[in-house]
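For reference, the structure discussed in these notes is given below.
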There are 2 protein chains.
Amino acid sequence: MNTIEALSMEELRRQFNRTGLRFTPQREAVWRIFEGNPDGLTISQVTVILAPQKIGQATVYRTIRALQDMGYLKWVHEQTGEHRFVVSRSGHSHMLVCRVCSKAVECSDCDLSVLEKLIARQTGFTVEGHHLEFFGLCPDCS
Amino acid sequence: MNTIEALSMEELRRQFNRTGLRFTPQREAVWRIFEGNPDGLTISQVTVILAPQKIGQATVYRTIRALQDMGYLKWVHEQTGEHRFVVSRSGHSHMLVCRVCSKAVECSDCDLSVLEKLIARQTGFTVEGHHLEFFGLCPDCS
DNA sequence: TTATTAAATGATAACATTTTTCATATAGAG
DNA sequence: CTCTATATGAAAAATGTTATCATTTAATAA
């Protein structure tokens with residue numbers, strides 16, 4: 001579903017540097033965790049995984065926020081209300097989450113522009129964007 | 001936008017009782033707060049408003065959760081990450097939130113069924129539902 | 001390479017949010 | 001009116017997030 005090729009570490013470093021941020025071993029470690037877990041992780045999960053490497057939770061929070069700001073991570077809602085963060089390879093996209101196994105896939109060809117125009121006309125709002133999340137059952141859990 | 005008539009207190013009481021829950025003065029007070037604030041409130045705002053009436057925050061939490069489970073409240077994201085709860089009078093609907101003044105309106109004629117079918121075909125998922133939130137500028141803030 | 005410096009780190013504290021506990025009160029049913 | 005399971009409120013506990021600050025270090029430029 002509209003997947004662009006994997007991001008190289010050097011590319012990611014450039015993305016960080018472009019905005020005046022530094023690409024540290026800790027940040028690389030956080031990114032690797034997400035790359036290795038396509039269905040996403042909560043902040044607390046990442047914190048636990050990286051604790052043995054002595055990477056503090058403050059760093060995890062800061063890095064996830066940075067990756068999110070750069071558009072490399074998207075979040076979806078957990079049933080618990082917690083946020084789970086998932087790697088996003090396409091630009092703007094929506095998440096589709098399995099209610100049972102929490103598998104998450106990205107779908108980016110969902111065109112809501114027609115809907116946005118309709119809503120704009122009906123409400124008088126200037127619609128700037130949206131957050132859309134689908135949930136259901138993945139093929140394995142169906 | 002597809003608004004059904006206001007919910008009477010007796011009706012709300014029946015809804016509570018139907019699920020084995022009790023309709024208490026505290027729960028009525030919480031509901032009244034939401035009815036009087038169409039743009040919604042965060043939990044902490046409700047807590048502050050009801051503090052003089054000596055309604056504990058635990059009760060606020062419990063009541064909001066119940067109202068949410070019954071479908072009478074929907075939440076939208078605050079820029080802070082906090083949830084703001086808004087009365088929902090139509091069955092399924094989407095929220096449209098102003099980035100500046102936080103005005104929130106509901107729009108329920110957004111038909112995503114076509115999109116859901118498309119996604120189902122592309123991913124193999126059984127799509128059960130979605131959460132959709134629009135944001136932008138309300139007419140006053142444009 | 002090396003020096004410089006602004007940003008990042010991690011430990012801790014501070015803060016905020018949410019849930020639990022439990023003795024007491026009370027809504028709803030009979 | 002009585003009875004009982006549920007709700008309440010106050011406080012504590014648990015959980016989640018942000019801020020602080022001395023120290024380290026990535027990136028830049030000499």
Side-chain angles (χ1 to χ4, degrees), chain A residues 8-33 40-70 72-73 75-85, chain B residues 8-33 40-70 72-73 75-85:
Chain A
S8 80
M9 277 303 166
E10 273 318 305
E11 242 176 302
L12 186 60
R13 159 174 274 120
R14 275 195 296 277
Q15 283 298 334
F16 268 90
N17 293 345
R18 187 163 304 159
T19 36
L21 299 176
R22 293 175 183 177
F23 192 65
T24 64
Q26 291 90 338
R27 288 180 172 176
E28 181 173 339
V30 171
W31 177 246
R32 284 191 191 285
I33 297 297
L41 299 150
T42 62
I43 287 184
S44 63
Q45 289 176 316
V46 176
T47 303
V48 169
I49 293 172
L50 292 178
Q53 300 179 43
K54 296 273 174 300
I55 294 179
Q57 55 173 5
T59 299
V60 173
Y61 274 93
R62 289 185 278 233
T63 303
I64 287 177
R65 174 169 303 174
L67 288 168
Q68 209 186 345
D69 289 345
M70 292 189 295
Y72 292 130
L73 288 181
W75 54 261
V76 295
H77 266 89
E78 287 290 82
Q79 42 287 65
T80 61
E82 227 180 342
H83 281 173
R84 184 151 48 95
F85 294 89
Chain B
S8 81
M9 278 303 167
E10 274 318 305
E11 241 176 301
L12 187 59
R13 173 190 302 277
R14 275 195 294 278
Q15 282 300 332
F16 269 91
N17 293 345
R18 187 161 304 157
T19 37
L21 300 176
R22 293 178 182 173
F23 192 64
T24 64
Q26 291 90 338
R27 288 180 173 174
E28 181 173 339
V30 170
W31 177 248
R32 284 191 192 284
I33 297 298
L41 299 149
T42 62
I43 287 185
S44 62
Q45 289 176 316
V46 177
T47 303
V48 169
I49 293 172
L50 292 179
Q53 300 177 44
K54 295 277 174 297
I55 293 179
Q57 55 174 6
T59 298
V60 174
Y61 274 93
R62 290 184 277 233
T63 302
I64 287 178
R65 175 168 304 173
L67 288 168
Q68 210 186 344
D69 289 347
M70 293 188 294
Y72 291 130
L73 289 181
W75 52 261
V76 295
H77 267 88
E78 286 292 80
Q79 42 288 67
T80 61
E82 228 180 342
H83 281 173
R84 184 151 49 96
F85 295 89

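A note on names: the letters A, B, ... follow the listed sequences, proteins ahead of strands, and every chain is numbered from 1.
Rounded to whole Å, the distance from CD on A:Glu10 to P on D:dA26 is 13 Å. Counting to the nearest Å, the C1' atom of D:dA19 and the CD atom of A:Gln57 are 12 Å from each other. One atom, CZ of B:Arg65, and another, P of D:dT8, lie 14 Å apart when rounded to the nearest Å. Atom pair B:Glu28:CD and C:dT26:P shows a separation of 16 Å (rounding to whole Å applied). In this structure, B:Phe85 atom CZ and C:dT17 atom P are separated by 13 Å, rounded to whole Å. Between B:Arg18 atom CZ and C:dA27 atom P there is a gap of 20 Å when expressed in whole angstrom units. As a whole-Å value, the separation of B:Gln45 CD from C:dT18 P is 13 Å. Atom P of nucleotide D:dT6 and atom CZ of B:Arg13 are separated by 17 Å, given to the nearest angstrom.
Nearest nucleotide to the side chain of B:Thr24, out of D:dA7, C:dT19, D:dG9: D:dA7. Ranking D:dA27, C:dT19, D:dA10 by closeness to the B:Tyr61 side chain, first place goes to C:dT19.
A parallel orientation is assigned to the rings of A:His83 and A:Trp75, their planes being inclined by less than 30° (bins at 30° and 60°).
Within 4.0 Å (heavy atoms only), B:Arg14 reaches no atom of the nucleic acid at all. Nucleic acid contact class of B:Arg27 (heavy atoms, under 4.0 Å, all strands): sugar-phosphate only.
Salt-bridge formation is not detected for the pair A:Glu11/A:Arg14: no Lys NZ or Arg NE/NH1/NH2 atom is positioned less than 4.0 Å from an Asp or Glu carboxylate oxygen.
Taking side-chain N and O atoms only, B:Thr59 has a distance below 4.0 Å to OP1 or OP2 of D:dG9. Dashed line: the shortest gap from a side-chain N or O of A:Gln26 to OP1 or OP2 of C:dG10 is under 4.0 Å.
With rounding to the nearest 0.5 angstrom, the CZ atom of A:Phe85 is 5.5 Å from the CD1 atom of A:Ile64.
For D:dG9, its base sits under 3.5 Å from the side chain of B:Arg62 at one donor and acceptor pair at least.
At distances below 3.5 Å, not a single donor-acceptor pair connects side-chain atoms of A:Gln53 with backbone N or O atoms of A:Leu50. For A:Arg27 (side chain) and A:Arg22 (main-chain N/O), a donor-acceptor pair under 3.5 Å exists by modelled atom type.
Between B:Arg22 and B:Pro25, the residue anchored closer to the 5' end of DNA chain D is B:Arg22, taking for each the nucleotide with the nearest heavy atom. Summary of the strand contacts: A:Lys54 and B:Ala58 both lie near DNA chain C, and taking for each the nucleotide with the nearest heavy atom, the more 5' one is attributed to A:Lys54.
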